[in-house]
Amino acid sequence: MFNALVMEQGEDGLATANLKEIGEDALPEGNVTVAVEYSTVNYKDGLCLSPKGGGLVRKYPHVPGIDFAGTVESSEDDRYKPGDKVVLTGWRVGEVHWGGYAQKARVNADWLVPLPEGLSPQQAMAVGTAGFTSMLAVMALEDHGLVPGNGPVLVTGAAGGVGSVATAILANLGYEVAGVTGRPDTEGYLTSLGATQIVPREALNETVKRPLETETWAGCVDAVGGPMLARVLGQMKYGGSVAAVGLAGGAALPATVIPFLLRGVNLLGIDSVMQPYDNRLRAWKRIATDLPMDKLEAMVRPATLSDLPALGADILNGQVQGRVVVDVNA
Ligand code: NDP
């Protein structure tokens with residue numbers, strides 16, 4: 001028997017989270033069983049922990065947790081053997097397949113990557129899906145010509161998970177980073193991660209007024225979407241790129257095509273869920289070399305399985321700073 005946070009649906013159709021002991025026979029089908037060590041809390045986890053499952057959870061009972069790191073316990077796949085350290089992000093694990101909020105998980109070997117050299121399971125989950133996606137965003141911006149001399153790079157939702165890791169990586173790579181935040185009290189935190197300019201959320205969250213404003217940003221990692229993304233597109237420097245990662249501020253994009261047509265601005269979509277294996281390895285390798293571990297430690301808040309219901313609500317309210325690391329054995 002092992003501990004798991006199980007979402008169970010009541011007669012009113014709403015789900016609640018219950019910390020339970022369950023047996024291995026309850027685990028879903030898969031060819032690798034992992035002893036989970038750490039998981040984390042991403043925005044999507046907040047949705048999966050909510051009473052309606054955020055439209056992501058299809059079936060109850062359900063174990064959320066969209067990512068985890070741990071040790072292979074048994075494997076029917078040649079690529080993994082007992083004792084191997086592994087990481088999982090994406091593939092709709094924690095949404096449609098049982099996830100990492102348990103001491104064991106059974107998954108498909110195709111969804112795993114070996115724990116990157118230089119990272120512990122705890123550090124891998126301090127990075128988690130949020131940080132992995134930040135690295136994909138930085139790689140996409142570089143692939144489209146971003147280099148440190150081009151000018152300041154904007155990070156929206158800077159004090160959140162995606163934003164914190166993006167800020168630390170970009171600053172470490174020598175970029176001048178401007179962080180947009182709605183929480184003025186996080187200024188010291190963002191500066192410690194390497195941001196040199198703090199932009200108040202109010203300065204950017206109004207619907208775009210003019211299709212083009214002063215050319216300001218050489219690149220942008222955008223975790224917010226909505227009117228803020230529309231506004232940022234009109235402030236990009238000629239040929240600059242925005243990596244669209246998230247929708248914390250809304251899914252609608254009230255923008256014009258003018259920045260694309262007159263300034264050659266690129267809007268790059270970033271998806272971490274179905275990312276091909278080779279690019280996953282490339283991103284994790286870059287994380288191990290380009291994200292300073294002292295900065296990573298500074299953004300971490302530890303948690304246990306029983307903390308998760310409250311943390312899920314907090315992240316949906318934009319109240320989580322940096323990254324939460326869940327020790328599922330604590
Ligand atoms: P967090 O909640 O940790 O961060 C989001 C941040 O956005 C908040 O901390 C806050 O930052 C800011 N924010 C929240 N609400 C608003 C608002 N109404 N208007 C403007 N800013 C707001 O979440 P994550 O970092 O885990 O995820 C961020 C986004 O990225 C989510 O939408 C998530 O779904 C998406 N995502 C997408 C992935 C992909 O594969 N494309 C993978 C991972 C995440 P501050 O307080 O600094 O203003």
Side-chain angles (χ1 to χ4, degrees), residues 39-50 54-56 65-67 89-95 125-140 154-168 177-191 193 195 198-207 220-232 242-253 267-276 279-280 283 299-301 303 311-325:
S39 186
T40 173
V41 182
N42 301 278
Y43 190 85
K44 251 188 189 175
D45 293 311
L47 293 172
C48 295
L49 285 162
S50 68
L56 300 175
I66 68 163
D67 42 18
T89 66
W91 302 110
R92 306 205 65 196
V93 170
E95 303 173 44
M125 279 303 103
V127 175
T129 299
F132 171 69
T133 310
S134 303
M135 191 73 241
L136 292 175
V138 171
M139 282 162 36
L154 190 69
V155 176
T156 69
V162 169
S164 293
V165 180
T167 299
V177 182
V180 185
T181 185
R183 291 180 276 180
D185 55 313
T186 61
E187 182 168 343
Y189 165 71
L190 292 172
T191 308
L193 297 182
I198 306 298
V199 180
R201 188 188 293 177
E202 312 81 77
L204 286 175
N205 67 357
E206 285 168 35
T207 313
C220 172
V221 176
D222 175 51
V224 171
M228 191 179 291
L229 171 56
R231 190 76 189 273
V232 168
V242 179
V245 173
L247 42 56
L253 185 57
L267 182 56
L268 312 174
I270 306 298
D271 167 57
S272 63
V273 177
M274 308 302 289
Q275 197 61 221
N279 215 38
R280 281 177 190 269
M299 45 178 112
V300 165
R301 162 180 174 187
L311 286 167
D314 286 351
I315 201 161
L316 294 183
N317 290 325
Q319 291 306 317
V320 170
Q321 176 178 305
R323 303 280 304 127
V324 174
V325 174

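Ligands are counted one by one from 1 in listed order, and the atoms in each one are counted from 1 as well.
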Looking at [atom], what's its closest protein heavy atom, distance included?
atom	value
atom 2 (O) of ligand 1	Ile315 CG1, 3.3 Å
atom 4 (O) of ligand 1	Gly160 CA, 3.3 Å
atom 46 (O) of ligand 1	Arg183 NE, 2.6 Å
atom 5 (C) of ligand 1	Ala248 CB, 4.0 Å
atom 25 (O) of ligand 1	Val162 N, 2.8 Å
atom 11 (O) of ligand 1	Gly157 CA, 3.4 Å
atom 29 (C) of ligand 1	Ala223 O, 3.5 Å

Any heavy-atom pair between the side chains of Val127 and Met135 that's under 4.5 Å?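 No; the side chains remain at least 4.5 Å from each other.
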Should Arg231 and Asn205 count as side-chain neighbours, where that means a heavy-atom distance under 4.5 Å?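 They are not in contact (no side-chain heavy atoms under 4.5 Å apart), so the answer is no.
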Is the side chain of [X] donor-acceptor paired with the backbone N or O of [Y] at a distance under 3.5 Å, no angle test?
X	Y	answer
Arg280	Thr89	yes
Thr40	Val325	no
Asp67	Thr129	yes
Arg323	Ala126	yes

If we only consider heavy atoms of [X], is any one of them less than 4.0 Å away from an atom in ligand 1?
X	answer
Val224	yes
Ala158	yes
Leu247	yes

Once you restrict to heavy atoms under 4.0 Å, what part of [X] touches ligand 1? Side chain, backbone, both or neither.
X	answer
Arg201	side chain
Ile270	backbone
Ala159	both

Assess whether atom CZ of Arg301 is packed by more than 12 heavy atoms of other residues, nucleotides or ligands within 6.0 Å.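 No, because the 6.0 Å sphere around CZ of Arg301 holds 12 heavy atoms or fewer from other groups.
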Count the heavy atoms belonging to other residues, nucleotides or ligands that lie under 6.0 Å from CD of Gln275, then report whether that count exceeds 12.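 Yes, CD of Gln275 has more than 12 neighbouring heavy atoms, counting only those of other groups under 6.0 Å.
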Between CD1 of Ile66 and OG of Ser272, what distance do you get to the nearest 0.5 Å?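 It comes to 6.5 Å.
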Distance (rounded to the nearest 0.5 Å) between Arg183 CZ and Arg201 CZ: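 Between atom CZ of Arg183 and atom CZ of Arg201 there are 7.5 Å.
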Which of the ligand 1 atoms, numbered from 1, are nearer than 4.0 Å to a heavy atom of [X]:
X	value
Thr133	38 (C), 39 (C), 40 (O), 42 (C), 43 (C)
Asp271	40 (O)
Ser272	39 (C), 40 (O), 42 (C)

[X], any N or O under 3.5 Å of ligand 1 N or O:
X	result
Thr181	yes
Thr129	no
Gly182	yes
Met228	no
Val245	yes

Who's closest to atom 1 (P) of ligand 1 heavy-atom-wise, of Gly246, Gly249, Gly161?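 Nearest option to atom 1 (P) of ligand 1, by heavy atoms: Gly161.
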Tell me which one of Tyr43, Tyr189, Phe132 gets a heavy atom nearest to atom 33 (C) of ligand 1.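 Answer by nearest heavy atom: Tyr43.
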Validation: residues 312-320 side-chain donor-acceptor distances under 3.5 Å, sequence neighbours left out:
residue	atom	partner	partner atom	Å
Asn317	ND2	Ala313	O	3.2
Gln319	NE2	Asn317	O	3.3

Would you list the atom pairs, donor with acceptor, under 3.5 Å between side chains in residues 154-164 and any protein atom, with sequence neighbours excluded?
residue	atom	partner	partner atom	Å
Thr156	OG1	Asp222	OD1	2.6
Thr156	OG1	Ala223	N	2.9
Thr156	OG1	Val224	N	3.4
Ser164	OG	Ala158	O	3.4
Ser164	OG	Ala159	O	3.3
Ser164	OG	Gly160	O	2.7
Ser164	OG	Tyr189	OH	2.8

Looking only at heavy atoms, what is the nearest atom pair of Phe132 and Ala283, with distance?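 Minimum heavy-atom separation between Phe132 and Ala283: CE1-CB, 3.6 Å.
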For Arg92 against Leu56, the heavy-atom pair lying closest together: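 In terms of heavy atoms, the two residues are closest at NH2-O, 3.9 Å.
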